[in-house]
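Taking it in order: structure first as structure tokens, then the write-up.
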Amino acid sequence: MTGTRVLVLNSGSSSLKYQLLDMRDSSRLAAGLVERIGEQTCRLKHTPLAAGGDAREADGPIADHDAALKAVAQELARDGLGLDSPDLAAIGHRVVHGGMFFTEPTVIDDAVIAEIERLIPVAPLHNPANLTGIRTARALRPDLPQVAVFDTAFHTTMPESAARYAIDPRIADRHRIRRYGFHGTSHAYVSRATAELLGKAPEDVNVIVLHLGNGASASAVRGGRCVDTSMGLTPLEGLVMGTRSGDMDPAVIFHLARVGGMSMDEIDTLLNKRSGLFGLCGDNDMREIRRRIDEGDEAAALAFDIYVHRLKKYIGAYYAVLGTVDAVAFTAGVGENAAPVREAAVAGLEGLGLAVDPGRNAVRGDRPRIVSPDAARVAVAVVPTDEELEIATQTYALVGKNT
Ligand code: AMP
């Protein structure tokens, strides 16, 4: 392998996010996003980080992912970072669902594509979009190694007791129903970075990771291996999220269908897109919710309390799963920025050795940091996640091993 650059692609149904990294020092050379692919109002935003220039934005129709990637390649070429460069070592793709089969990052070939396709029934929104990105990139650079990094892979170490639902295993297996978990690249990165922050090896620490973004999930990580996580068959289970309900009595669905007269599609949309913080108070941005609370808004205050109550339940549950806990790590948009969420989530848990120091918790920053008092038995940490760097690192390591 001669190149040292890795292009990370995160292909959504109508979007394409990318970052180009130099793995000699993990620096970012360029980053960008193509939005609303297929629409007249498509927008490409490209930031030439290495050149230090301003972001460039272009509006106009981009018909499909193929055209989007070609437009990205053109932007990169303008900065002297073209995809035809021998410096490019590999392309790393974020793939949401790898089922039970993909436990590690995997070099993509036709068999891998076929398996990702077979998983479409359990990831109908995400895997087709990820596959489009893979096919497009392969067509553009057929000679280049392409690696799939799966959101589910980190969670494949969960024991059966955590991964199985309490339903007939024959029915579960026939339909591939089990708890897969998501945000795995983030949980892997943050649990490792937390160990580093504590000055220990990942094998020597137990960490509860709270990834609180618009989507949100918790995981219990024992000695570097995930032993439980809050998302399940789909990213709907678990914590209260921006627009998703998280945990609920499954009978709510029967009730909405039988008594409420709603169709399955309507219920799906309700629980995934119109619930969570948004469903409770009409806003899914924690900044806006805090602003409304400061103005005395009761709906926003109740939404916040429900959010924090669920979070606290998961901290307690994963404390019990792990037995001993070295650190609770907050990450992603809410976890990294919302000091009141961190404070409320551990309030009253002094008996478990958990507390935040108000002064430390209030300090903002983009570096990993401890926000608990020095004397606390369990460290409460803020650890910014970096999924692109994790995908690039895993991709580069795998390609290096194979050449
Ligand atoms: P993510 O999915 O990780 O990008 O997180 C997005 C969410 O983070 C937003 O919807 C906000 O709720 C939250 N967020 C971002 N910045 C802040 C901030 N400064 N304070 C509170 N919440 C924030």
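Count residues from 1 along the sequence. All values below come from the heavy atoms of this structure, side chains included, with hydrogens, waters and symmetry mates left out. All ligand and atom numbering here is 1-based and tracks the order in the structure.
- Centroid-to-centroid, the aromatic rings of His97 and Phe182 come within less than 6.0 Å.
- Side-chain contact check for Asp79 and His46: at least one donor-acceptor pair (N or O, by modelled atom type) lies under 3.5 Å.
- Heavy-atom contacts from other residues, nucleotides or ligands closer than 6.0 Å to CZ of Arg28 number more than 12.
- Tyr314 and Tyr318 have perpendicular rings, their planes meeting at more than 60° on a 0 to 90° scale where under 30° would count as parallel.
- Checked by atom type, the side-chain pair Asp25/Ser27 shows a donor-acceptor distance below 3.5 Å.
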Using a 3.5 Å cut-off on N/O to N/O, what pairs does ligand 1 make with the protein? A line per pair would be great.
unit_1: ligand 1; atom_1: 2 (O); unit_2: Asn214; atom_2: N; d: 2.9
unit_1: ligand 1; atom_1: 3 (O); unit_2: Gly333; atom_2: N; d: 2.9
unit_1: ligand 1; atom_1: 8 (O); unit_2: Val334; atom_2: N; d: 3.4
unit_1: ligand 1; atom_1: 12 (O); unit_2: Met286; atom_2: N; d: 2.8
unit_1: ligand 1; atom_1: 16 (N); unit_2: Arg287; atom_2: NH1; d: 3.4

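- Residues meeting the side chain to side chain donor-acceptor pair (under 3.5 Å) test with Thr4, sequence neighbours left out: Asp22.
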